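One structure below.
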Amino acid sequence: MSRIFELIDKLEKDRILLKEEFSEIISGHTSETDEYLFAKARTVRERVYGKDVYIRGLIEFTNYCKNDCLYCGIRRSAKNAERYRLTEEQIMDCCEMGYGLGFRTFVLQGGEDGFYTDDKIVSIVSRIKAKYPDCAVTLSIGEKSRDSYEKFRKAGADRYLLRHETANPEHYGKLHPKGLTLENRMRCLSDLKELGFQTGCGFMVGSPYQTAENLAEDLLYISKLQPQMVGIGPFIPHHDTPFANEKAGTLETVLLMLGLTRLVVPNVLLPATTALGTIHPKGREKGILAGANVVMPNLSPSDVRKKYLLYDNKICTGDEAAECIACLGRRMESIGYRLVSDRGDFKE
Ligand code: SAM
Ligand code: FES
């Protein structure tokens, strides 16, 4: 076991390990080595961001999707999903409410929905930026051409979230239908970075067929890309997908990957995800204590929340945004952290 402690020390110093070394930690970690890792992750994070936890207002504006990712509850073939789209006015209303609650980042997330042409997205982004010049806009709307990304950037979008899902091409093939490739996903991510977006990649922990080696490959990819954000949460099965009977990812492995990611990219913006709060009642608090520094409460209108169901038993679908923020504020205070009303940009 002392070997794992040594590897964690080495990672803290060098910010990178060999693939075999990452795999060794992932296969051999224990609750003692985890505590050792998390203490280092907290120190590194607090050096850059203190005890501040940034909030992002998540606006889930469409659950139509042309894709058919095998894990996803809003995939094209999920015939029972009740589909919805928010109008530009509804999106602006979400921002207005969010702004009043202290949000200074709005995340527009949705399925890959052709209804929202580039022009529509440009119009929405421009309107939000014109009305709230002190706020950041993040897009999370999937794989697009470099040209489209450039238009979004010129319209004022600051950040883009596009999880790579897995850095191993064979594993990627087992999670996605033919036609979706890791190569294109990675092309998107490098375009986004080059265009000056604060860029977020990320992956699910415990997705079907995932190995310790795959997780090591995720860390190597993160180290190479040097993203500003990394979204990591457990895979959770959705009843209306081919993975309905698969097991969910575990709390322990998600926390481990958060801690390791913090040491690989010390300044990274790292959310304690809603999915993590779904698999454990204290999941988000534990995520922060393992090195995360962002939470992403939902700002979508309450009547559509239950329809953006990527996985089963998703939490907070019945609450108003104001209740969520108060609840998260109390949760963060209970562990000695505080939610801040701030854009929460990446710090160099
Ligand atoms: N369409 C955009 C995209 O593909 O990036 C954004 C929406 S997509 C639903 C956002 C993320 O949800 C995906 O990147 C995936 O990692 C996550 N997700 C989908 N299904 C999930 C599940 N069953 N459990 C946990 N996370 C899931
Ligand atoms: Fe498109 Fe999940 S398959 S958002």
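In listed order, ligands and their atoms are each counted from 1. What you are looking at is a predicted structure, and each value in this text was computed from that prediction instead of being measured.
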What atoms in ligand 1 come closer than 4.0 Å to a heavy atom of L162?
-> 5 (O)
Would Y160 count as a contact of ligand 1 if the rule is a heavy atom under 4.0 Å away?
-> no
Are the aromatic rings of F61 and Y116 close, with centres under 6.0 Å apart?
-> yes
Polar side chain donor-acceptor pair, Q210 to T166, under 3.5 angstrom | no
Listed pairs under 3.5 Å, donor-acceptor, residues 242-257 side chains, sequence neighbours left out:
unit_1 : atom_1 : unit_2 : atom_2 : d
T250   : OG1    : T253   : N      : 3.2
T250   : OG1    : T253   : OG1    : 2.8

Heavy-atom distance under 4.5 Å between the side chains of C188 and N184, does that happen here?
-> yes
Quick one: which of G110, G111, A244, G206 has a heavy atom closest to atom 7 (C) of ligand 1?
-> G110
Using 30° and 60° as the class limits, which term best fits the ring planes of Y160 and F152: parallel, tilted or perpendicular?
-> parallel
A student comparing K314, M204, H238 should find that the heavy atom closest to atom 18 (N) of ligand 1 comes from M204
Within residues 282-295 or reaching into it, pairs that qualify as side chain to side chain donor-acceptor pair (under 3.5 Å) - sequence neighbours excluded = R262-N293, E285-R331
Could you pull out, from G200, G233, P234, the option with a heavy atom nearest to atom 25 (C) of ligand 1?
-> P234
Please state which part of A275 comes within less than 4.0 Å of ligand 1, counting heavy atoms only: side chain, backbone, both or neither.
-> neither
Scan side-chain atoms only and decide if Y209 and N168 contain a donor-acceptor pair under the 3.5 Å cut-off.
-> no
Looking at ligand 1, does G231 have a heavy atom less than 4.0 Å from it?
-> no
Quick check: does Q109 get an N/O under 3.5 Å from an N/O on ligand 1?
-> no
For residues E112 and I141, determine if any side-chain heavy atom of one lies less than 4.5 Å from a side-chain heavy atom of the other.
-> no
Flag L161 as yes when one of its N or O atoms lies below 3.5 Å from any N or O atom of ligand 1, and as no otherwise.
-> no
Closest heavy-atom approach to atom 16 (O) of ligand 1 among K66, E112, E165 is made by E165
Contact (N/O only, under 3.5 Å) between Y71 and ligand 1 = yes
Relative to the heavy atoms of Y311, which atoms of ligand 1 are at a distance of less than 4.0 Å?
-> 22 (C), 23 (N), 24 (N), 25 (C)
Ring-ring centroid check Y172 H164, cutoff 6.0 Å | no
S207 near ligand 1, heavy-atom distance under 4.0 Å?
-> no
Min over E143, R185, E246, R163 of heavy-atom distance to atom 3 (C) of ligand 1 lands on R185
